[in-house]
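In what follows, a single structure is set out as structure tokens and then discussed.
We're numbering straight along the sequence, starting at 1.
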Amino acid sequence: NYTSSMYRPILIKFITIISLFLIAMTVPAPLPFRIEQKKHARVKAAYSEKESSVKTLFKAKGVSYSGFSMILVGFKAEQKFKVYVRGAKQKSYSLLKSYDICASSGALGPKRREGDLQVPEGLYEVSSFNPQSSYHLSIKVSYPNKSDKVLSDKKKPGGDIYIHGNCVSIGCIPLTDALIKEIYIMAVETRNAGHKIPVYIFPFEMTPENMAVYKMNDGYKKHHLFWDNLQKMYTYWSKNKNEIPYTVDAKGRYVLR
């Protein structure tokens with residue numbers, strides 16, 4: 001009896017492991033992200049209409065279409081939304097294409113509360129995809145981030161910020177339906193390869209020259225602490241063309257690692 005009781009926990013553990021293994025064998029593996037997305041009619045149509053032209057962009061830039069990474073960078077004042085890509089064997093990102101933002105709302109400056117119509121400013125990433133969006137196709141931006149949760153309204157900071165089609169904006173980043181198809185395809189391919197997609201949104205190209213100009217207007221007086229901090233992130237990005245390595249401190253400031 002003593003011997004059998006001594007080995008009973010080992011036997012139970014063994015049976016549990018075998019049971020879990022058998023259960024795992026019967027559960028179908030999840031489909032690749034691309035296949036799941038192409039089940040939706042709009043995504044399938046986007047691939048049919050635009051994938052060949054997207055591949056042509058990659059070929060012209062000398063970037064492999066297989067396994068690439070991407071970073072999305074927006075500039076509010078210039079109304080530009082730029083796609084940077086990096087091949088699996090490349091060390092830094094290069095500009096693939098610059099898109100025109102076709103509508104805007106709010107003013108320069110970060111989003112700080114629900115309903116302010118502001119487009120966020122800061123360092124984000126793609127958090128989800130909506131292939132059945134009311135705005136054709138849409139990609140969600142991870143607002144509010146850790147910085148926003150410190151600096152924005154604590155009860156109602158707002159949310160549901162998307163990059164989307166249909167060319168209307170109440171705080172989002174709108175493109176035409178034709179252009180969102182291209183970006184959506186690239187984002188699906190990046191996620192399918194297992195990569196995160198950073199989204200950097202700046203009030204303007206934060207060069208020293210532009211900062212000197214904006215320091216003369218009321219927008220800078222209102223947002224100077226945030227913009228001075230964000231410029232450090234812009235400077236790193238413009239110099240290195242790589243993911244910005246950062247943390248957020250207790251005051252909501254971005255800190256380079």
Side-chain angles (χ1 to χ4, degrees), residues 58 61-63 67-99 101 108-112 118-127 139-152 157 161 163 173 183 186-187 190-191 193-217 219-257:
F58 276 78
K61 291 291 183 178
V63 178
F68 67 89
S69 304
M70 70 186 293
I71 293 178
L72 304 174
V73 185
F75 298 98
K76 290 166 60 173
E78 291 84 356
Q79 290 287 279
K80 295 294 182 181
F81 196 64
K82 301 183 179 184
V83 176
Y84 288 82
V85 295
R86 182 183 68 189
K89 296 182 179 180
Q90 295 172 317
K91 293 183 178 181
S92 60
Y93 288 78
S94 57
L95 178 64
L96 182 73
K97 186 173 179 178
S98 178
Y99 293 85
I101 298 172
L108 295 186
K111 182 175 183 62
R112 289 292 177 246
Q118 287 291 96
V119 177
E121 295 172 8
L123 310 181
Y124 303 94
E125 63 182 46
V126 169
S127 59
I139 302 168
K140 192 173 185 179
V141 176
S142 60
Y143 174 91
N145 63 16
K146 290 182 179 180
S147 173
D148 301 318
K149 289 176 181 178
V150 175
L151 300 175
S152 298
I161 302 298
I163 304 156
I173 300 173
I183 291 179
M186 288 185 274
T190 303
R191 181 61 57 85
H195 305 307
K196 292 182 178 181
I197 306 172
V199 182
Y200 304 147
I201 305 175
F202 299 102
F204 49 87
E205 292 266 11
M206 304 183 85
T207 62
E209 295 78 14
N210 284 344
M211 288 293 289
V213 172
Y214 279 99
K215 282 181 179 180
M216 299 173 65
N217 66 31
Y220 179 78
K221 295 176 184 177
K222 183 178 181 180
H223 304 299
H224 71 281
L225 292 177
F226 179 73
W227 281 359
D228 286 350
N229 177 231
L230 193 59
Q231 189 200 21
K232 296 176 183 177
M233 306 301 113
Y234 170 86
T235 301
Y236 180 93
W237 161 252
S238 63
K239 179 180 178 180
N240 296 283
K241 291 297 187 293
N242 232 313
E243 292 96 338
I244 300 173
Y246 71 94
T247 58
V248 176
D249 69 14
K251 294 184 178 181
R253 294 173 300 198
Y254 296 106
V255 180
L256 284 171
R257 292 201 302 266

If you define the side chain from C-beta out and look only at heavy atoms, does anything of [X] sit under 4.5 Å from [Y]?
X	Y	result
M206	F75	no
M186	L96	yes
D148	R112	yes
V213	E209	no
V255	V248	no
N210	E78	yes
P157	Y143	yes
N242	Y93	yes

I need the minimum non-hydrogen distance between [X] and [Y], along with the two atoms involved.
X	Y	answer
Q79	K76	NE2-O, 2.9 Å
P120	Y124	CB-OH, 3.5 Å
L95	V83	CD1-O, 3.6 Å

Nearest-0.5 Å distance, [atom1] of residue [X] to [atom2] of residue [Y]:
X	Y	atom1	atom2	result
I139	I161	CD1	CD1	14.5 Å
I71	H195	CD1	NE2	11.5 Å
Y246	L123	OH	CG	5.0 Å
L225	K251	CG	NZ	10.0 Å

Geometric class of the Y214/W227 ring pair [parallel <30°, tilted 30-60°, perpendicular >60°]: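 Perpendicular, since the angle between the ring planes exceeds 60°.
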Within 6.0 Å of NZ in K146, more than 12 heavy atoms from elsewhere: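 For K146, atom NZ is not crowded (no more than 12 foreign heavy atoms under 6.0 Å).
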Over 12 non-hydrogen atoms of neighbours within 6.0 angstrom of NZ in K97: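 Yes - once you tally the heavy atoms of other residues, nucleotides and ligands closer than 6.0 Å, there are more than 12.
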Residues that P245 engages under side-chain contact (heavy atoms from CB on, under 4.5 Å), provided they are two or more places apart: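 Checked P245 against side-chain contact (heavy atoms from CB on, under 4.5 Å); matches are Y236, L256, R257.
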Sequence-distant partners of [X], side chain to side chain donor-acceptor pair (under 3.5 Å), two or more places apart:
X	value
Y254	N145
K80	D100
Y220	D228
R253	D249

Audit row: E243, R86, side chain to side chain contact (heavy atoms under 4.5 Å, CB included) steps and yes/no: CA-CA 11 Å; E243 292 96 338; R86 182 183 68 189; 3.5 Å; yes
Donor-acceptor under 3.5 Å (K61 side chain, S94 main chain):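 Between the backbone of S94 and the side chain of K61 there is no qualifying donor-acceptor contact (under 3.5 Å).
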T235 backbone acceptor or donor facing S238 side chain under 3.5 Å: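 At least one qualifying donor-acceptor pair exists.
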Return all side-chain donor-acceptor pairs below 3.5 angstrom for residues 196-205, not counting sequence neighbours, or 'none' if the list is empty.
| residue | atom | partner | partner atom | Å |
| --- | --- | --- | --- | --- |
| Y200 | OH | I244 | N | 2.9 |
| E205 | OE1 | Y234 | OH | 2.6 |
| E205 | OE2 | K82 | NZ | 3.3 |

Lys/Arg cation over aromatic W237: K239, 6.0 Å, 45° cone: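 Pair K239/W237 does not count as cation-pi.
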